Colleague: 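Before we start, here is the structure in question, set down as structure tokens.
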Amino acid sequence: MNSLIDSLNPQQRAAVTLPDVSSLILAGAGSGKTRVLTSRIAYLLQNGYASPEEILAVTFTNKAAKEMVSRLSTMVSFNTKYMWIGTFHGLCNRMLHSHHEQAGLPATFTILDQSDQLSTIKRLMKANNVSEDEVSARDIQHFINQRKEEGKRASQVKVLGYLGQLKLQVYQWYEDSLNKEGVCDFAELLLRSYELLSRNEQIRHYYQRRFRFILVDEFQDTNVLQYRWLKLLSGIEDNCERVNAVFAVGDDDQSIYAFRGANVGNMKDFVRDFRVQNPIRLEQNYRSHGNILDAANALISNNSERLGKKLWTDAGRGDPIRVFGAVTDQEEAEFLVDSIKGAIADGVDRKEIAILYRSNAQSRVIETELTRRNVPYKVYGGLRFYDRAEIKHTLAYMRLAENTADDSAFLRVVNFPARGIGAKTIEVLMDVAKNENLSLFDATRLLPKTASQKLSVFTQIIEYLKLAKEQLELPDFVDFTVEKSGLKHFYETEKNSEDKLENILELKSAAQAYLSEEQTDSNNGTDTLSPLAGFLSHASLESGENQAKANEDAVQLMTVHASKGLEFNLVFITGLERGLFPHDSAINDDKNGLEEERRLMYVAITRARKSLYLTYAQQRMMHGLTRYNMRSPFFDELPAQTLKWLTPKEGERSSDRYSCGGSSLMRDYQSAEKSRHYSSNTPTWAKGIVTSKLERDIRRQADAGNPYRQGARISHEKFGPGRITSTRNSGDSHEMTVTFDSGKVLTLLTRIAKNKITLM
DNA sequence: CTCGGTCAGTTTTTT
DNA sequence: ACTGACCGAG
């Protein structure tokens, strides 16, 4: 049994064997965080300090929760089924189902995802004649979610000014609408669960007595409401004779979700509120080599407001961090693939190679190049299974079978597949529903005959589904829904819909998989839910497996955000340009924005075990125009001795690039040279620019005197005659796309091309 | 009512 | 470049 503890380092061991008090574990990147969390639970169980039902462990992602359960089941023989291990949302959902009556919800309440939430807001704005020109629905969605994350209902919100009033008014309508429909959005799950606990003493005391040990993963990502929820469960505010021990694990340096409400300040508040004596620091890194850690430490030290932590390793210096500055994004992609091919030839596993970027839009050039040169790859974070339109349609039918008052689901599919129910009919229906305070479904009966008849085709379907759900096993019910709704027929006859058809048929397997998973480990509290309700929750809360093919032998592409928690032998951080990483919005933002970008960079660097490459391009196509960027200011925050510039660092002579031998460095140099060959014009005049629509318009006007206009016939000394098919301005450069008579299409920089072309 | 074209907006993302 | 929203013609 002590093997559990013996293999830990002193700090890890101190954390795992802490007595029954609240504690903060500052767990640096790669310091064995998950191991400490699971070992702690195992320790409590094996020594009889806790029984399984006294354990509550909260994570942010389903993936992390699953990981914890599976690791735990290899460590202890206790049944994990009696512990509550899950995401904040999952656990709140579980709690609300158990006490739906006290929480003011119907037993059949359904969950709105973000897009459902947005369309509900849009619908309410339209119904109440609030124009999106005044405030966008997105702004209001943001406003509402922020207020909920502060724990505030519409009646508790104070606002200033006309726009504030307007947003608040929509919040109120929205709140009423959710209540009427019996649905919860994501933030609502938390807020309602919080209110349930705070208002109902009996329920609160029950959970307080039960969960003697509360463990929180990624504590730096908690928002204000989540922290208050934890406080309620701990009993710290109830003057209980004994406060439950909260074991909070987090890393303030890896807080990268402030933009969605995460509050790093919770860590300091936690130390104060729970009177944490000595936070434990896990600073020994078991992942990366010295150069990588030095770079990470140096970078992050530029942030103020840190709790302070310095990673160290005994793994040795390792390779230097290699830097490649490309002229174009295309050249950057070519360099990546050159290097990757070399690494693979040296025996590196493809799945041990990661290409990271700041925003998804950057993946395309890289993907194209990987495809062109036959390197298998996998992109993370694309459209998830349950997010696909056809799946959401099918689920909407199922949601209606469960809860006919779910107006979002109703509107999604009332006329899909098309059954002649248009905007006019819906408008009338919504009016009636509003006046009579009925759900859209119930209001269909009250419409004039013709409209009512059209709608009854739809409501009949739902009535059938309601009967069927009682009589069929879940997978068969899915089949029935797909058939009865007309979706199957629709996708069968619609051309180019083979994939969609396959997906909706796949939903049956998803239901089957869900059921069998439930039988083996019922950890999501689905014991209190019907299979259908459980499956619908599952579909809303676990947006679908992106991980399914994680072990495939392919190069891994993902955003830096998506890479958190992962590690690879070879990592490329790409697009390191001012404006991109750090991103424009953060630069223009206050200091906090830049600090979050820096933490993001810190996360990116610490993903690498053995080798790290940093790349950037001076020139990049984005949103249809070419941008010219300076390299990222982060380069200047990394210690020079950890870096190896494969291309000359501007403003400095790079003579050392020939000096250091080694086969792998030579190859870097060769591929750097090779990639460089593709393009030779370095636009030194280019400056980082910000393009807004207004600026674009102004430039377009200023451009009126330019002879190289769209439609003009020109002749190029090399490519012959052609016509300008489009022109673009970006910054102080002007470019044109020319379709030559030969069929060749080229985009030329006017500044350079004008010496080579003549107007015809 | 439906389809097909035009036009604005575009960080990151989990639940 | 790509997507979702909107508008006018059939």
Side-chain angles (χ1 to χ4, degrees), chain A residues 58-65 86-93 111-119 122 126 132-133 136-138 145 148-149 184-190 218 221-223 225-226 255-262 356-365 368 380-384 386-387 389 415-426 454 537-544 546 558-565 575 579-589 593 596-597 599-601 603-604 620-626 691-694 696-697 726 728:
Chain A
V58 202
T59 62
F60 272 84
T61 64
N62 293 297
K63 193 177 138 206
T87 63
F88 279 100
H89 294 86
L91 297 176
C92 287
N93 184 45
I111 299 172
L112 294 189
D113 69 16
Q114 288 228 327
S115 65
D116 294 327
Q117 182 185 39
L118 188 64
S119 43
K122 284 185 177 170
K126 221 171 239 166
E132 283 224 44
D133 296 341
S136 72
R138 259 180 196 290
N145 288 335
K148 287 194 177 190
E149 281 163 14
C184 288
D185 61 42
F186 289 134
E188 183 71 29
L189 291 172
L190 283 157
E218 306 279 15
D221 287 338
T222 52
N223 64 34
L225 185 57
Q226 285 160 339
S255 161
I256 55 175
Y257 287 111
F259 72 92
R260 67 172 199 220
L356 309 184
Y357 34 79
R358 176 66 232 271
S359 62
N360 281 310
Q362 288 165 247
S363 76
R364 244 198 62 245
V365 197
T368 310
Y380 284 75
L383 197 56
R384 282 175 293 254
Y386 291 114
D387 279 342
N415 194 36
F416 194 93
R419 23 181 103 81
I421 300 164
K424 193 72 206 162
T425 312
I426 297 301
K454 270 190 196 167
S537 292
H538 168 88
S540 302
L541 295 175
E542 312 198 12
S543 37
N546 261 338
M558 67 193 83
T559 62
V560 180
H561 281 93
S563 75
K564 191 166 138 193
L580 207 63
F581 197 179
H583 196 270
D584 265 333
S585 56
I587 296 174
N588 304 331
D589 204 47
E596 178 142 325
E597 294 290 309
R599 290 193 292 268
L600 201 47
M601 181 67 183
V603 167
R620 179 181 297 279
M621 273 292 263
M622 288 210 87
H623 307 314
L625 36 92
T626 308
T691 16
S692 67
K693 187 178 163 293
L694 181 66
R696 232 187 289 170
D697 289 346
S726 68
R728 280 237 154 78

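Quantities reported herein were computed from a predicted structural model and do not represent experimental measurements. Keep in mind that the numbers below use all heavy atoms, side chains included, and drop hydrogens, waters and symmetry copies. So that the names make sense, note that chain A is the first sequence line, chain B the second, and so on, each numbered from 1.
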Colleague: Mind calculating the distance between CG (A:N223) and P (B:dT13) to the nearest angstrom?
Modeller: 19 Å
Colleague: Quick one: is A:T559 getting a side-chain N or O under 4.0 Å of the B:dT13 phosphate, OP1 or OP2?
Modeller: yes
Colleague: Nearest to the side chain of A:H583, which nucleotide is it out of B:dT11, B:dT15, B:dT13?
Modeller: B:dT11
Colleague: For the residue pair A:N145 / A:Q117, report whether a side-chain donor-acceptor contact shorter than 3.5 Å exists.
Modeller: yes
Colleague: Mind checking if A:N93 touches a base, just sugar-phosphate, or nothing, with heavy atoms under 4.0 Å?
Modeller: nothing
Colleague: Just how far, in rounded Å, is P of B:dT15 from CG of A:L91?
Modeller: 13 Å
Colleague: I want to confirm an ordering. Mapping A:L600 and A:T87 to their closest nucleotides on DNA chain B, which one lands closer to the 5' end?
Modeller: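 Taking each residue's closest nucleotide, the earlier one in sequence belongs to A:L600.
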Colleague: List in chain and number order the residues that pass salt bridge (charged side-chain N to carboxylate O under 4.0 Å, His left out) with A:R620, two or more places apart in sequence or in another chain; answer none if no residue qualifies.
Modeller: A:E332, A:E577
Colleague: Base, sugar-phosphate, or nothing: which does A:D113 touch, judged by heavy atoms less than 4.0 Å apart?
Modeller: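 A:D113: no heavy atom of the nucleic acid under 4.0 Å.
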Colleague: How would you list, by chain and number, every residue that makes a side chain to side chain donor-acceptor pair (under 3.5 Å) with A:T425, sequence neighbours excluded?
Modeller: none
Colleague: In whole angstrom, give the distance that lies between atom CG of A:L580 and atom P of B:dT12.
Modeller: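 To the nearest whole Å, that distance equals 10 Å.
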Colleague: CZ of A:F60 versus C1' of B:dT15: gap in Å, rounded?
Modeller: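 Nearest whole value for this atom pair: 10 Å.
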Colleague: With sequence neighbours left out, what residues match A:S115 under side chain to side chain contact (heavy atoms under 4.5 Å, CB included)?
Modeller: A:D113, A:K392, A:R412
Colleague: Could I get the full list of side chain to side chain contact (heavy atoms under 4.5 Å, CB included) partners for A:T61, not counting sequence neighbours?
Modeller: A:K63, A:A64
Colleague: Mind checking what makes salt bridge (charged side-chain N to carboxylate O under 4.0 Å, His left out) contact with A:K564, not counting sequence neighbours?
Modeller: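 By the salt bridge (charged side-chain N to carboxylate O under 4.0 Å, His left out) rule, A:K564 matches A:E218, A:D221.
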Colleague: Sequence neighbours left out, what passes salt bridge (charged side-chain N to carboxylate O under 4.0 Å, His left out) with A:E188? Give chain and number order.
Modeller: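 For A:E188 the salt bridge (charged side-chain N to carboxylate O under 4.0 Å, His left out) partners, ignoring immediate neighbours, are A:K148, A:R153, A:R192.
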Colleague: Sort me out a list of protein N/O and nucleotides 1-7 of chain B N/O pairs below 3.5 Å, or just none if empty.
Modeller:
residue, atom, partner, partner atom, Å
B:dC1, OP1, A:G422, N, 2.0
B:dC1, OP2, A:A423, N, 3.1
B:dT2, OP1, A:G420, N, 3.4
B:dT2, OP2, A:N415, ND2, 3.3

Colleague: Going by 5.5 Å between centroids and 30° between planes, is there a stack of A:F259 over B:dT12?
Modeller: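 Aromatic stack with B:dT12 present for A:F259.
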Colleague: Hey, is the main chain of A:A258 close enough, under 3.5 Å, to the side chain of A:E596 for a donor-acceptor pair?
Modeller: yes
Colleague: DNA chain B: A:S359 or A:A187, which has the more 5' nearest nucleotide?
Modeller: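 Final value for this comparison: A:S359.
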Colleague: Can you tell me the distance, in whole Å, between the CG atom of A:D584 and the P atom of B:dG9?
Modeller: 17 Å
Colleague: Contact class for A:Q114 vs. all strands (heavy atom < 4.0 Å): base, sugar-phosphate, or nothing?
Modeller: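 The answer is base, as A:Q114 lies within the cut-off (heavy atoms under 4.0 Å) of a base atom.
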Colleague: By side chain to side chain contact (heavy atoms under 4.5 Å, CB included), which residues pair with A:S136, not counting sequence neighbours?
Modeller: A:E132, A:R138, A:D139
Colleague: Quick one: A:Y257 OH to B:dT13 P, roughly how many Å, whole number?
Modeller: 7 Å
Colleague: Using whole Å, what does the distance between atom C1' of nucleotide B:dT14 and atom CD1 of A:I256 come to?
Modeller: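 Rounding to the nearest Å, CD1 of A:I256 and C1' of B:dT14 are 11 Å apart.
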Colleague: Pick base, sugar-phosphate or nothing for A:R358, based on heavy-atom distances below 4.0 Å to the nucleic acid.
Modeller: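 The answer is base, as A:R358 lies within the cut-off (heavy atoms under 4.0 Å) of a base atom.
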Colleague: Tell me whether the rings of A:H561 and A:Y257 are parallel (<30°), tilted (30 to 60°) or perpendicular (>60°).
Modeller: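 Because their plane-to-plane angle lies in the 30° to 60° range, the rings of A:H561 and A:Y257 count as tilted.
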Colleague: Nearest-Å distance, CG (A:D185) to P (B:dT15)?
Modeller: 16 Å
Colleague: Considering only nitrogen or oxygen atoms on both sides, find all protein atoms under 3.5 Å from nucleotides 3-6 of chain C and state each distance.
Modeller:
residue, atom, partner, partner atom, Å
C:dA5, OP1, A:K122, NZ, 3.4

